[in-house]
Protein chains: 2
Amino acid sequence: MVADGGSLSADTPSRAARGEAVTLPQAGSEGVAARVPRSIPEASVARLAVYLRMLGELAEQGADTVSSEELAAATGVNSAKLRKDLSYIGSYGIRGVGYSVSALVHQLERALGLNHRQAVALIGVGNLGHALAGYGGFGGRGFPVTALFDVDPDLVGIHINGILVEHVRAIGDTCRERGITIGMIATPGPAAQGICDMLVEAGVRCILNFAPVVLQVPDEVEVRKVDLAVELQILAFHVARKRLVAESPETEASLAVPATDVDVVPPPDAQTNGHPVNSTLNGGMR
Amino acid sequence: MVADGGSLSADTPSRAARGEAVTLPQAGSEGVAARVPRSIPEASVARLAVYLRMLGELAEQGADTVSSEELAAATGVNSAKLRKDLSYIGSYGIRGVGYSVSALVHQLERALGLNHRQAVALIGVGNLGHALAGYGGFGGRGFPVTALFDVDPDLVGIHINGILVEHVRAIGDTCRERGITIGMIATPGPAAQGICDMLVEAGVRCILNFAPVVLQVPDEVEVRKVDLAVELQILAFHVARKRLVAESPETEASLAVPATDVDVVPPPDAQTNGHPVNSTLNGGMR
DNA sequence: ATCTGTGAAATTTTTCACAGCC
DNA sequence: GGCTGTGAAAAATTTCACAGAT
């Protein structure tokens, strides 16, 4: 995940990984159509989306079937893990053969809820927002960006990709009208919580947050965060780690964290390196 | 997470979560400065970066100390988890009081390797790339974007934020010259693997990938992936799940995955919904 | 002969809960 | 009294390894 990223990725660990999250109370009657497992682990859901993309590519290349081994290699996971992930959505493989690409695509789309179209609203049409709005990839895959909002008078009123940019004060009405189910927040950090509140108030229950703040939301709202600065910091950690390994040929200073203060950059606070160089940390988006 | 978790975040799970990953052989001598634990769990590293940001904000607001409870609430995690995360980098809290904000910032920066400046290269200066290049937030936090590359003749030669856009064929030389440690790939999907290979060849060992492909790299290279489409699909899953819960007031059809085919969108392949509407899925970046 | 689906084991991550210090 | 640091328990995730289908 590191993804997370979680954060603009990757792996971004979601606070909703508690019990309640993906788990559903299991069926009532019993016996009959006990077709589907009770729940899908959060970690698996993230990977299912990746498999789906790769399957799309394979289909394009004319593949009829894939083995778990092949698909696993292409997506960089262990094949047993892949099979287990797929088993959560049902048994759609053929033993001795593999998976039918088209059938699996269909099942994954169903499992991920992609057979309902999701209308997406994007708030904050600055630098990053523009890039997101012009993305194209969304609409093609069932995520049409259906509404755009900003506060900047220079932006409100213009069209991007044929979509009118409205003032954020219209969020409530517009989202309800157009049945928005997902909100993407690409505003500067300080504005994000307010926008988030408006979205929640308008009934939006899933939010993708690009602003560098942790949003506070009611339990029933799902937030995923994409945070560039965090991603880079995670990589920086790995750079430092690799450096350490390289420098200590064997044992010696083999610590996970260098207790030494290397201080290429002046430590506590100095001229421009303290931290808030501009308070626009990485929310400098837009 | 991430997300993506990696994926444009979040939580992006990283394939590097195997043993080797964050673990280091533990110290030699013994006894003396056994200051630091042997390794930091991958999941913790991602959160440390988040704590660091929040601490920056707290410092700005003039806070001298924070309790684990406060910092946990602000970052949306459980306070015990936060304390455990912090314990991996050492014991810098004061019992009965909390943590000194400035001291903790310093320790986190050290642990994350932010006291070495990391030179970043960005490849692909299209839509998204432009947004990333103009980001500002990076440079302010020790991640100066130091080199830009593209293949488009209209882009090569221009300056963005004072940085010259070079042709990708210069990647090897330029990266070595400027000591690039982190590469960010924001090219269309099909170009990404080739660029990745060039970066690896040039000695770059950490890569942040925005292109919608799974990069194949040697073991010693760390890749994090930020994938917008995957993030949205994860949210779509949660939308569908919430819909189910809402529709079945109690038991009834309480399945994690609707076995019914709702098919608001024609299922297998129809006109424009099959999948590869344009092969520019979400790599439509740039 | 091959490849899926899956219990069971191993590992990682999270949470609990409390001893110890301020 | 308040809050950290951390063993130990619990939960989640990953991996193993193999029975069973084709």
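Only a predicted model underlies this, so the values are computations on that prediction, with no experimental measurement involved. In what follows, chains are A, B, ... by sequence order, proteins preceding strands, each numbered from 1. As a basis for the values below, the full set of heavy atoms in this structure was taken, side chains included, without hydrogen atoms, waters or symmetry mates.
One finds no salt bridge joining A/Arg53 and A/Glu109 here, because no Lys/Arg side-chain nitrogen approaches an Asp/Glu carboxylate oxygen to under 4.0 Å.
Summarising the geometry, the separation between OH on B/Tyr92 and P on D/dG5 is reported as 10 Å, rounded to the nearest angstrom. Per the geometry, CZ belonging to A/Arg83 stands 15 Å off P belonging to D/dA19, to the nearest Å. Between the C1' atom of C/dT6 and the CG atom of A/Asp85 lies a distance of 13 Å, rounded to the nearest Å. In this entry the distance linking CG of B/Asn78 with C1' of D/dA9 reads 15 Å, nearest Å. Between the P atom of C/dC16 and the CG atom of B/Leu82 lies a distance of 15 Å, rounded to the nearest Å. Look at CD1 on B/Ile40: it is 14 Å from P on C/dT14, rounded to the nearest Å. At whole-Å resolution of the value, CG in A/Leu48 and P in D/dT13 are 13 Å apart. Rounded to an integer number of Å, the gap from CD of B/Glu70 to P of D/dG2 is 14 Å.
Comparing C/dT15, C/dT6, C/dT4 against the side chain of A/Tyr99 picks out C/dT4 as the nearest. Checking D/dT13, C/dG5, C/dC22 against every side-chain atom of B/Ile94, the shortest atom distance belongs to C/dC22. For B/Arg47, taking side-chain heavy atoms from C-beta onward, the closest of the listed nucleotides D/dT15, C/dC16, C/dT14 is C/dT14. Closest to the side chain of A/Lys84, out of C/dC22, C/dA8, C/dG5, is C/dA8. Candidate nucleotides D/dA17, C/dT15, D/dG5 were compared by shortest atom distance to the side chain of B/Ser91, and D/dG5 ranks first. Set against C/dT4, C/dT15, D/dT13, the side chain of A/Ala43 has D/dT13 as its closest nucleotide.
Projected onto DNA chain D by closest heavy-atom contact, A/Gly96 and A/Ser44 fall at different nucleotides, the more 5' of which corresponds to A/Ser44.
Note that the CG atom of A/Leu71 and the CG atom of A/Leu82 stand 5.0 Å from one another [nearest 0.5 Å].
Partner of B/Ser68 under the side chain to side chain donor-acceptor pair (under 3.5 Å) criterion, chosen from B/Lys81, B/Lys84, B/Arg83: B/Arg83.
For the OP1/OP2 pair of D/dT4 and a distance below 4.0 Å, the side-chain nitrogens and oxygens of B/Ser68 include at least one atom meeting the criterion. The phosphate of C/dC3 has neither OP1 nor OP2 within less than 4.0 Å of any side-chain N or O from A/Ser67.
Nearest heavy-atom pair, A/Pro212 versus B/Glu57, reported as atom, atom and distance to 0.1 Å: O-OE2, 4.2 Å.
Between the side chain of B/Arg95 and the base of D/dT4, at least one donor-acceptor pair of N or O atoms lies under 3.5 Å.
Contact of the B/Cys206 side chain with the B/Val221 side chain is not registered, since no non-hydrogen atoms from C-beta on lie closer than 4.5 Å.
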